[in-house]
Amino acid sequence: MLIDINANTGHWPFRQTSCNSCRQLVARMDESGTDLSVVSNMNGIFYKNTQAANEELNEELKSDRSFNNRLIPFAIINPVYAGWKDDLDTCLNKMGIKGIRLYPLYHDYDLTDPSCVELVRYARDKGLIVALTLRMVDSRSRSWMDITAEWNLRDVIPIMKEVPDARYFILNIAGDIRLSQADTDLMIKSDTLMDTSGRSTSGLGNLISTYGAGKFAFGTHTPILDYLTGLLRIESLSERVADETIKDLLRAGNARRILGI
Amino acid sequence: MNRRKFFRNSAVSAAGMLSAGIPGLTGCLDSAPPAGPFSSSGNIMKEVMKYRKINTHEHVRPDISPGALIEVSDRLGIEKLVISSIVTEYSGKSATPQEFRDCNDLVLKAMKQYPDRFLGQAFLNPVYGKESLEEIKRCMDQGMTGLKVYNQVKINDPLFYPVIEKLIDLKMIILVHAFCGLGMGGHRPKYGNTEPNTSIPEDFAGVAKRYPEGMFQYAHLHGGGDWEYTCRILQDYPNVYADLSGSNNEADAVDFAVRYLGEDRLFFGTDGSHFQGVGTILSSRLSDAQKEKIFFCNYNDVLKRSGNHVN
């Protein structure tokens, strides 16, 4: 079984991408053997009112009943925008989300802004996963209208210190992944999954040695990154580094546990 | 590939859960989703291994053992690696003749250590014209098969002309470090290029026009630069090839490159990003035959011109 914890639909405004809809995503999943994908609508990165993007995704999911058994929706929530708590309740109670995605760099707030801390605590209390994406695109090839900043792994630590008992996805791990020993220990103790789409997970064997096999899961970052590199990082691991039991955790086992499915 | 024959392995475990629906989600499933080719027990690796591969852009350094390169290459079914050693802007060196000779000695040593795996490329700095031509002779006499140049001098600078003419005589390709950041072409100069002497697509166009019989390899098409812009500029210069190495494995880049450059002008490469190098080609919408060309045949055709091809 294979679960992708980092898929997106919607439009990336600076470059034409394929695989933008639920239908296209499911077709791609079928080709590559992905059974389930965690998905959100990246239009919400650019809408001021992110709830419109969550509603778009929900409408699309309702358009074909088979989508509901292949795609696990996450909502994009902006905690400094009006009505976010109502939005989150709606997404949870009427749209069946399993988590939320936050984009502080795009929505222009600090990860430890009191409203963000409140949101993460609220998500924790509701049993939702909080997904943080270190970057959407490589800033070297960004559009002149796109943001310039990217996160390193250490940049997500402050919110994990504020709310250590929330569950986290850390996605598209690029850039510097070095942490202090104290932060490494915090990451190990946390209930966190890091996906394999980002370039800094190429040394996956070493990362497993540091954090444990239970901290990683297959992710694609589709449609921004190619669909298979994240899987290749898992499947090409030597038997010495990861046997089939560990690979099964990376393919789906860890994702199933944290998603509760 | 016949996808149907793969639609079996993971269906059992997936169907067991999905037929009952995902807990917490609404909806029902008419039938279990088909299991694709890569879903179980590493079938993606069968797909990886079915293509012969020449990695056309890789480096050896004093701090990386050639054996480590061979180890990861074996895992990905990479048969041959075209290697060079270069003086970068981070080294604090200026690529003097002694420094580029030291780089090439490192490559020659690796070639001797793994003669069946490594194809060497010479590195030089054309600021030192006489010494560069002497170094080409020294390296090619010991079995190197091409040239790699970095950002000491732009490829269309007249300092490069004697070097290019020598490589034309040898029927060998020149791999040129490249970047295409925001503002290329003078449109938005406020962004500029982080490396002022790095060759940009327009520099390749200029030199390709001057030397239509030369062979130039644009390095790491999606190594962080704007690959759409690059392809649009290089479209009309058939003697400029591009390698698909680099860390930024954006979806659709390979298909876009084939659309603009054609399936015969692209090479597989890694430049240290081994998984991205293989994954991005594997993920493309190209046919098996097109992938074979990019993974192996296109570069082997280039090697054939100098009699250095792989059988």
Side-chain angles (χ1 to χ4, degrees), chain A residues 1-2 15-19 26 29-36 61-62 64-73 96 98 137-144 174 199 201-202 204 220-238 244 247 251-252 256 259-261, chain B residues 3 6 9-10 13-14 17-18 21-30 33-45 48 72 75-76 179-183 188 191 194 222-228 247-255 273-276 278-280 282-285:
Chain A
M1 187 176 190
L2 193 60
R15 176 171 77 79
Q16 186 182 52
T17 55
S18 56
C19 201
V26 168
M29 291 162 62
D30 287 345
E31 288 177 17
S32 304
T34 307
D35 299 296
L36 300 168
L61 289 171
K62 286 197 305 187
D64 186 328
R65 61 181 181 167
S66 70
F67 292 160
N68 280 321
N69 285 319
R70 304 294 301 283
L71 303 176
I72 303 169
K98 289 277 192 182
V137 296
D138 187 327
S139 59
R140 292 174 299 176
S141 56
R142 73 190 186 281
S143 160
W144 45 89
R199 69 177 184 183
T201 60
S202 287
L204 186 55
T220 62
H221 201 55
T222 185
I224 301 294
L225 295 180
D226 81 58
Y227 199 84
L228 294 175
T229 289
L231 184 58
L232 202 52
R233 290 190 175 105
I234 296 170
E235 299 297 352
S236 65
L237 287 171
S238 66
E244 279 302 302
K247 286 184 180 176
R251 291 171 185 137
R256 289 184 70 173
L259 288 162
I261 57 176
Chain B
R3 306 274 184 198
F6 292 106
N9 288 338
S10 71
S13 60
M17 187 178 81
L18 296 176
I22 302 169
L25 300 181
T26 57
C28 59
L29 190 66
D30 293 330
F38 311 136
S39 57
S40 177
S41 302
N43 276 335
I44 189 176
M45 298 314 297
V48 169
V72 70
R75 283 162 56 195
L76 295 170
F179 192 70
C180 178
L182 278 170
R188 292 176 183 81
Y191 293 105
T194 54
H222 41 183
D226 188 334
W227 42 268
E228 291 177 290
S247 63
N248 192 26
N249 53 310
E250 289 195 327
D252 308 309
V254 174
D255 300 270
S273 298
H274 302 92
F275 304 104
Q276 295 98 313
V278 174
T280 195
L282 219 58
S283 301
S284 72
R285 296 302 189 184

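Letters A, B, ... mirror the listed sequences (proteins, then strands); counts begin at 1.
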To the nearest 0.5 angstrom, please state how far the CZ atom of A:Arg140 sits from the NE2 atom of B:His222.
-> 11.5 Å
Say you draw a straight line from CG of B:Asp226 to CG of A:Asp138; how long is it, rounded to the nearest 0.5 Å?
-> 11.5 Å
Checking heavy atoms, do the side chain of B:Thr280, its backbone, both or neither come under 4.5 Å from chain A?
-> both
B:Asp252 versus A:Arg15, closest heavy-atom pair with distance = OD2-NH1, 3.8 Å
When you look at B:Val278 and A:Thr229, which way does the side chain to side chain contact (heavy atoms under 4.5 Å, CB included) test go after all the steps?
-> CA-CA 8 Å; B:Val278 174; A:Thr229 289; over 6 Å; no
When every non-hydrogen atom of A:Ser236 is compared with those of B:Arg75, the smallest separation belongs to O-NE, 2.9 Å
What's the shortest heavy-atom distance between A:Pro223 and B:Ala251, and which atoms?
-> O-CB, 3.4 Å
What pair of heavy atoms forms the shortest contact from B:Gln276 to A:Asp226, and how long is it?
-> O-OD2, 4.4 Å
Among the options A:Cys19, A:Ala174, A:Ser202, pick out the one with the most heavy-atom pairs lying under 4.5 Å from chain B.
-> A:Ser202
Taking atom CD1 of A:Ile234 and atom CE of B:Met45, what is their separation to the nearest 0.5 Å?
-> 12.0 Å
Rounded distance (nearest 0.5 Å) linking atom CG of A:Leu232 with atom CG of B:Leu282 = 7.0 Å
Under 4.5 Å to a heavy atom of chain B? For A:Leu61 that would be neither
State the OG-CG distance between A:Ser32 and B:Asn43, to the nearest 0.5 angstrom.
-> 12.0 Å
Given that the side chain runs from C-beta out, which part of B:Val72 has a heavy atom under 4.5 Å from chain A: side chain, backbone, both or neither?
-> neither
Of the non-hydrogen atoms in A:Ser141 and B:Gly225, which two are nearest, and what is the gap between them?
-> CB-O, 3.4 Å
